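Chain A is the first sequence line, chain B the second, and so forth, proteins listed ahead of strands; every chain is numbered from 1. Fair warning: this is a prediction, and the values are worked out from it, not measured in the lab. Just so you know, these numbers use all the heavy atoms, side chains as well, and skip hydrogens, waters and symmetry mates.
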There are 2 protein chains.
Amino acid sequence: MDQQLRELKNRFQPGDKELFHSVLARIGDKWSLMVIIMLSKKSQRYTELLDNIPAISRRMLTVTLRQLERDGLVHRIVHADLPPWSEYGVTDLGLTLREPVVAIAEWALDHREEILSNRESFDDSHAD
Amino acid sequence: MDQQLRELKNRFQPGDKELFHSVLARIGDKWSLMVIIMLSKKSQRYTELLDNIPAISRRMLTVTLRQLERDGLVHRIVHADLPPWSEYGVTDLGLTLREPVVAIAEWALDHREEILSNRESFDDSHAD
DNA sequence: CAGGATCCTGGTAGATACTG
DNA sequence: CAGTATCTACCAGGATCCTG
């Protein structure tokens, strides 16, 4: 075990395994990452997000936004005008998450060919 | 949109959205991260992993290992001795993934209290 | 406009039993 | 020892319809 992992392990508390999983599962689900990226560009209202994120349904946009809001990554401002409208944006906490997430996205790009080729040869050699 | 995101976007290719998702979904699932962490410490055989990862079932260990192997993050060496045994370890590619993943884990630890408190107050204010 | 409610489906994961 | 096979349970996610 190297230094980096050792330091990480020294900070472990009970429940951190669940914390890691909940955080990774959040950005690993189908829409959260896309929503965070869109809102990082600029704050947007519900319908804008619906238009800008291809193929997302109203239900999943709502569900995803609520989960992100629950963790404090995204905030919602409801305007009581008529017709009523609401605006979403990333919080300060959400902004801090962007750096490590972009790092993973860059990792995926850097190793794009390698990953895809690995999958291909694995599937070939395991085809029945 | 800031510089970091712009550079990332310039490198987009068709299919990258799916690539991001497949990579994030992999480390965001229930067991992959734990398996990668265990194998980063040292190469281990199947039964060792089974013992070292609390509550994982044989089936899910096998499934998880196969998926990681498919992406080329983990390699398997099968020894044909009697009784036969196999050994798993992280590949060079898997090692490069560790840095950004540890970054996210550290983010989760750094903002542990904030996240948990956000969830609590959100749940309180939405309790019916 | 921005959702909530409901129903349905496919895939992830667990339990259990069996095998080269 | 290191898996496979099968069956089942559950939940994320999609489709559709309804509302303040």
Asker: Please find the pair of heavy atoms, one from A:Ala108 and one from B:Val23, that lie closest to each other, and give the distance.
Answerer: CB-CG2, 4.2 Å
Asker: Going by heavy atoms in the side chains, are A:Glu69 and A:Arg66 under 4.5 Å from each other?
Answerer: yes
Asker: Mind checking whether B:His111 and B:Trp107 have parallel, tilted or perpendicular rings, split at 30° and 60°?
Answerer: tilted
Asker: Go through C:dG3, D:dC1, C:dG14 for me and flag the one nearest to the A:Tyr88 side chain.
Answerer: C:dG3
Asker: Please give me every residue in residues 55-72 of chain A whose heavy atoms get under 4.0 Å of an atom in DNA chain C, ordered by residue number.
Answerer: A:Arg58, A:Arg59, A:Thr62, A:Arg66
Asker: Measure from OH on A:Tyr46 to C1' on D:dT19 and round the result to the nearest Å.
Answerer: 13 Å
Asker: Hey, can you tell me if B:Trp85 and B:His79 have their rings parallel, tilted or perpendicular (30° and 60° cut-offs)?
Answerer: parallel
Asker: Would you find a donor on one side and an acceptor on the other, under 3.5 Å apart, between the side chain of A:Thr64 and the backbone of A:Leu61?
Answerer: no
Asker: Rounding to an integer number of Å, can you tell me how far B:Arg76 CZ sits from D:dC1 C1'?
Answerer: 13 Å
Asker: Under 4.0 Å, heavy atom to any atom of DNA chain D: which of residues 14-28 of chain A qualify?
Answerer: none
Asker: Does B:Val102 offer a backbone N or O that forms a donor-acceptor pair with the side chain of A:Gln4 under 3.5 Å?
Answerer: no
Asker: Looking at B:Ile77, is its backbone amide N or carbonyl O close enough to the side chain of B:Ser86 to form a donor-acceptor pair, meaning the two atoms are under 3.5 Å apart?
Answerer: no
Asker: Can you check the B:Trp85 CH2 to C:dG20 C1' distance for me, whole Å?
Answerer: 18 Å
Asker: According to a strict under-4.0 Å criterion, is B:Ser86 in side-chain N/O contact with OP1 or OP2 of D:dC1?
Answerer: no
Asker: Quick one: does A:Leu73's side chain get under 4.5 Å of A:Val90's, heavy atoms only?
Answerer: no
